[in-house]
Amino acid sequence: MESLKQAKPLLGDAVAPLPEADWIALFDKQIKVEVPKNLEHGDYAVNVSFLARYTKLAPPVIAQTVAQVLNQHSAYNATFTWHPIAGFVNAKVTEKALLEALNPLLLGKSKAGENTSKTTERILLEFVSANPTGPLHLGHGRWAALGDSLRRILEHCGASVCAEFYINDHGQQMSNMANSLWFRCLEQLGLAQFPTPEADVPFPYYPGDYVKTLAEQYLSAPQQKAELEGWFQQYGAVRAETFETQTPFLTLRTYSRDAMLALQRGLLDALHVRFDSWQFETDLHAEGKVEEALASLKASGHTYEQEGALWLKSSELGDEKDRVLVKSSGAYTYLAADVANHDKKFKRVENFNRVMHIWGADHHGYIPRMKAAIAALGHNADNFQVILGQLVNLVVNGEKTRMGKRKTMLTLHDVVEEVGVDATRFWLVARSADSTIEFDLDLAASASEENPVFYTQYAHARCSGILRQATEPSINRESGETVQPRFSKQQLDDVFQTYTAEGWNSLLFDPLVSADNKAFIAVREIVLALVQFPEKVADAGRVLSPHLIVRYAMDLASQFHSFYNACRVLCEDEQQALARLALVRCIQLTLAQSLNLLGVSAPEKM
RNA sequence: GCCCUUGUAGCUCAAUCGGAUAGAGCAACUGCCUUCUAAGCAGUAGGUUACAGGUUCGAUUCCUGUCGGGGGCGCCA
């Protein structure tokens, strides 16, 4: 890969008709080293067709010239060929050069997937940010899986990432939650009926069963129960809203918020989704951040008053219309608080150079006004980036169901119980964010046996099993006798430390050339894949797509399974066995790292 | 009505942001356990990339139009 880029100057011969300065500029802009889809086309490829229009030569002719020039230079550890029809220069790297690239991994000098050139970006990534009014559903699970994997990948690329969860605990929905808890409590004490949508319009209540559970929990503390009965004496069975500024309401609101938040956090922990920062909307109000942000907007002339409301001139900054910040009632809109939220993000001491969000596609209309607000605050709106993800459709009994606050809704918790943490995360992150996921519950349940995640994990477990068998006593299943290991762990480590590319080459590849071409190809494919892993991780980070890692892990697992069936690791020849053990070690490390980047466990045995 | 997004194998999805013969996994079919885990391997079959134009050496990808799916257009949060 690197060698091809360094070869740029040599390509000059091929494009002689063009002034030198021109083609160098062209190459810097357009040369792209890629990994061919088809392995027969070599390990790396460069397409030179785009030069056709400048050189007035047919693409294959250019490719041929370039390949011939490159072949004359022995420094590249590769042979170059060209495609007779398409304008491709293909490079096939020598096995020795591939093995050399693998050495740091085996010697423990670098982690699997680590790039030599690392980014130093500081990224603030907000995701999930569910309202604290109920359990997480499947859609939240998607953002959790995607966001956490992204954090792991970006960190692996060298970025420092702060994962943030914003708790929307100020608005109407928190009042509704307090209302709901209030009436569920009264219901359980036999003091009032829980309202029905028909009888009580508008209906500011959450009908979900989890509120019943919450009420039970609340009343289980004798002191709280007594206190609540006292409130009933005082206020009767009225909406909690009617005592909005008083202790009972505030108590219930805070209680339900904390309980729901604890519920959500517990599940996120179980899913190994990590957050570094929890931001409360109420804090923004309490700390005066909202006033501060509004004052800043006013001062820079980006607001005006009309019909008793304060407006943001967002249409001047790319939004389709202006937006209200302060209602004529004097209350802040959600946008006002969110403006403060972003003002705070951009003012953080970490001085983030990217402020990112993962939002559902239903929020896309919100992006322009947020960008406008950020620009109006004097921050660089280009550093604001939103990953829009399509939603999750739930399929039950072959019928699509909408995710919503239905009484019996399928929660993320239910799904995790059904298919497990690993399968849930793998499944939710396996597809690109811009495709809608059809989550078939029945399929997910049955797929838990035929799931690609187990295929990948199994490859890792097999690697571990081989290494275990090589260095630890095992029991023969037939005779029941204890079989002593062929090598000690120390011996294996020592061998790994002393290996050179030449040694590897003669032990890994040479015996296979004469014996079995299929095995040779299998080993070569694996080594190539291992070498390309760091680049794959960098790609996934660049295009913010963890699903690339999913694909990579599955491919590597597949290649390993083939290798496993094609040639025995613990073969008779001791040196050869050691070399293959070293290869297995590299595969194991790489698979473990791939799974780790996805937040999926890498089991030692299955 | 306007805006965003999407349409690829029977199903769920890829395709390295314009490149080579469009690839995987399920499901289907045929073989393979006396050997490091068969949660595996080897193979077969499956396509007019919704449709019609256009741009160029080259289009699943970009542009236009048509048809279908999803979403958004509050002084809600």
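Throughout, protein chains are lettered first and strands after them, A, B, ... in sequence-line order, and every chain is numbered starting at 1. Quick caveat, the model's predicted, so the values are computed rather than measured.
- The A:A309 side chain lies nearest to B:C75 when the options are B:C36, B:A39, B:C75.
- The nucleotide whose nearest atom lies closest to any side-chain atom of A:D362 is, among B:G72, B:C13, B:C41, B:G72.
- To the nearest whole angstrom, the two P atoms, one in B:U60 and one in B:U48, are 13 Å apart.
- In this structure, A:R369 places its CZ atom 12 Å from P of B:C76, rounding to the nearest Å.
- You can call A:H41 stacked on the base of B:A20; the centres are under 5.5 Å apart and the planes sit within 30°.
- A donor atom on one side chain and an acceptor atom on the other are not found under 3.5 Å apart for A:D283 and A:Q279.
- When heavy atoms are screened at a 4.0 angstrom cut-off, A:A459 is found touching no nucleic acid atom at all.
- Nearest-nucleotide positions on RNA chain B place A:K536 closer to the 5' end than the other of A:F563 and A:K536.
- Between the C1' atoms of B:A20 and B:U5, the separation comes to 31 Å (whole Å).
- Within the 4.0 angstrom heavy-atom criterion, only backbone atoms of the sugar-phosphate kind lie near A:S432; the bases stay farther away.
- Relative to the side chain of A:R431, the nucleotides B:U12, B:G71, B:A39 differ in distance, and B:U12 lies closest.
- Helical stems in RNA chain B, defined as runs of 3 or more consecutive Watson-Crick or G-U wobble pairs with donor-acceptor distances under 3.5 Å: B:1-7 with B:67-73, B:10-13 with B:23-26, B:28-32 with B:40-44, B:50-54 with B:62-66.
- B:U5 atom P lies 10 Å from atom CD1 of A:I367, rounded to whole Å.
- For A:K321, no side-chain nitrogen or oxygen approaches OP1 or OP2 of B:C3 to under 4.0 Å.
- At the heavy-atom level, A:Y455 lies under 4.0 Å from the strands shown only through sugar-phosphate atoms.
- Taking atom C1' in both B:C33 and B:A38, the straight-line distance is 7 Å, to the nearest Å.
- In this structure, of B:G19, B:C41, B:U12, it is B:C41 that holds the atom nearest to the side chain of A:N565.
- More than 90° away from 0 lies the glycosidic angle of B:C51, which makes this nucleotide anti.
- Taking the side chain of A:A45 as heavy atoms from C-beta on, and the options B:C17, B:C13, B:A20, the nearest nucleotide is B:A20.
- As rounded to whole Å, 12 Å separates atom P of B:C13 from atom CZ of A:R551.
- Comparing the same atom, C1', in B:A28 and in B:A45 gives a spacing of 8 Å after rounding to whole Å.
- Contact check for A:L548 versus A:Y552: no side-chain heavy atoms found under the 4.5 Å cut-off.
- Using a 4.0 Å cut-off, some side-chain N or O of A:R462 falls inside it from OP1 or OP2 of B:A38.
- A:R462 forms a cation-pi arrangement with A:Y564, by the criterion of a distance under 6.0 Å to the ring centre and an angle within 45° of the ring axis.
- At a threshold of 4.0 angstrom between heavy atoms, the contacts of A:A361 are confined to the sugar-phosphate backbone, with no base atom among them.
- Distances shown here put a side-chain N or O of A:H547 below 4.0 Å from the OP1 or OP2 atom of B:A15.
- Around the NZ atom of A:K313, the shell of radius 6.0 Å holds more than 12 heavy atoms that belong to other residues, nucleotides or ligands.
- Using a 4.0 Å heavy-atom criterion, one finds that A:V326 contacts no nucleic acid atom at all.
- When atom types are taken as modelled, the side chain of A:S149 and the backbone of A:L146 share no donor-acceptor pair closer than 3.5 angstrom.
- Not one side-chain nitrogen or oxygen of A:Y366 sits closer than 4.0 Å to the OP1 or OP2 atom of B:C73.
- At the heavy-atom level, A:E307 lies under 4.0 Å from base atoms of the strands shown.
- With both ends at atom C1', the span from B:C11 to B:C57 equals 38 Å, rounded to whole Å.
- Using P as the reference atom, B:C63 and B:A27 are 38 Å apart when rounded to the nearest Å.
- Across all strands shown, A:L335 has no heavy atoms under 4.0 Å from either base or sugar-phosphate atoms.
- Distance A:I587 CD1 to B:C36 P: 18 Å, rounded to the nearest Å.
- Across all strands, A:K605 comes closer than 4.0 Å to base atoms (heavy-atom distances).
- Partners of A:Q575 according to the side chain to side chain contact (heavy atoms under 4.5 Å, CB included) rule, which considers only residues two or more places apart in sequence or in another chain, are A:Y499, A:L507, A:D573, A:L578.
- The pair A:D539-A:K536 does not meet the salt-bridge criterion, since no charged nitrogen lies less than 4.0 angstrom from a carboxylate oxygen.
- Separating the CD1 atom of A:I437 from the C1' atom of B:G71 is a distance of 16 Å, rounded to the nearest angstrom.
- Of the candidate nucleotides B:C36, B:C73, B:A39, B:C36 has the atom nearest to the side chain of A:L570.
- B:A59 sits 23 Å from B:C4 when the C1' atoms are compared, rounded to a whole Å.
- For A:S328 and B:C75, a side-chain-to-base donor-acceptor distance below 3.5 Å is present, hydrogens and geometry of angles not being considered.
- Dashed line: the shortest gap from a side-chain N or O of A:S562 to OP1 or OP2 of B:A42 is under 4.0 Å.
- The local environment of CD in A:E572 is sparse, with at most 12 non-hydrogen atoms from other residues, nucleotides or ligands closer than 6.0 Å.
- The residue A:C463 sits apart from the nucleic acid: no heavy atom pair falls under 4.0 Å.
- Aromatic pair A:Y334/A:H170: ring centres not closer than 6.0 Å.
- For B:C76, the base has no donor-acceptor partner in the side chain of A:Q173 [N/O atoms by modelled type, under 3.5 angstrom].
- Going from the P atom of B:A9 to that of B:U56 covers 30 Å, rounded to whole Å.
- Residue A:H364 is the one, among A:T333 and A:H364, whose nearest nucleotide of RNA chain B lies closer to the 5' end (criterion: closest heavy atom).
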Practice problem: Could you give me the CA-CA distance, side-chain angles and deciding distance for A:M554 and A:V550, then say whether side chain to side chain contact (heavy atoms under 4.5 Å, CB included) is met? | Solution: CA-CA 6 Å; A:M554 285 173 66; A:V550 172; 4.1 Å; yes

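- Put simply, CG on A:D434 is 14 Å from C1' on B:G71, counting in whole angstrom units.
- The nearest whole Å value for the distance from the CG atom in A:N451 to the P atom in B:C11 is 20 Å.
- If you check every strand for non-hydrogen atoms under 4.0 Å, A:N90 touches a base.
- Looking at residues two or more places apart in sequence or on another chain, you find a side chain to side chain contact (heavy atoms under 4.5 Å, CB included) between A:L391 and A:W143, A:D362.
- For the OP1/OP2 pair of B:C36 and a distance below 4.0 Å, the side-chain nitrogens and oxygens of A:S474 include no atom meeting the criterion.
- Taking the six-membered ring where tryptophan is involved, the planes of A:H363 and A:Y366 are perpendicular, since the angle between them exceeds 60° and thus also 30°.
- Counting to the nearest Å, the P atom of B:C3 and the CD atom of A:E320 are 10 Å from each other.
- Minimum atom distance to the side chain of A:K37 is reached by B:A20, of the listed B:A20, B:C36, B:G71.
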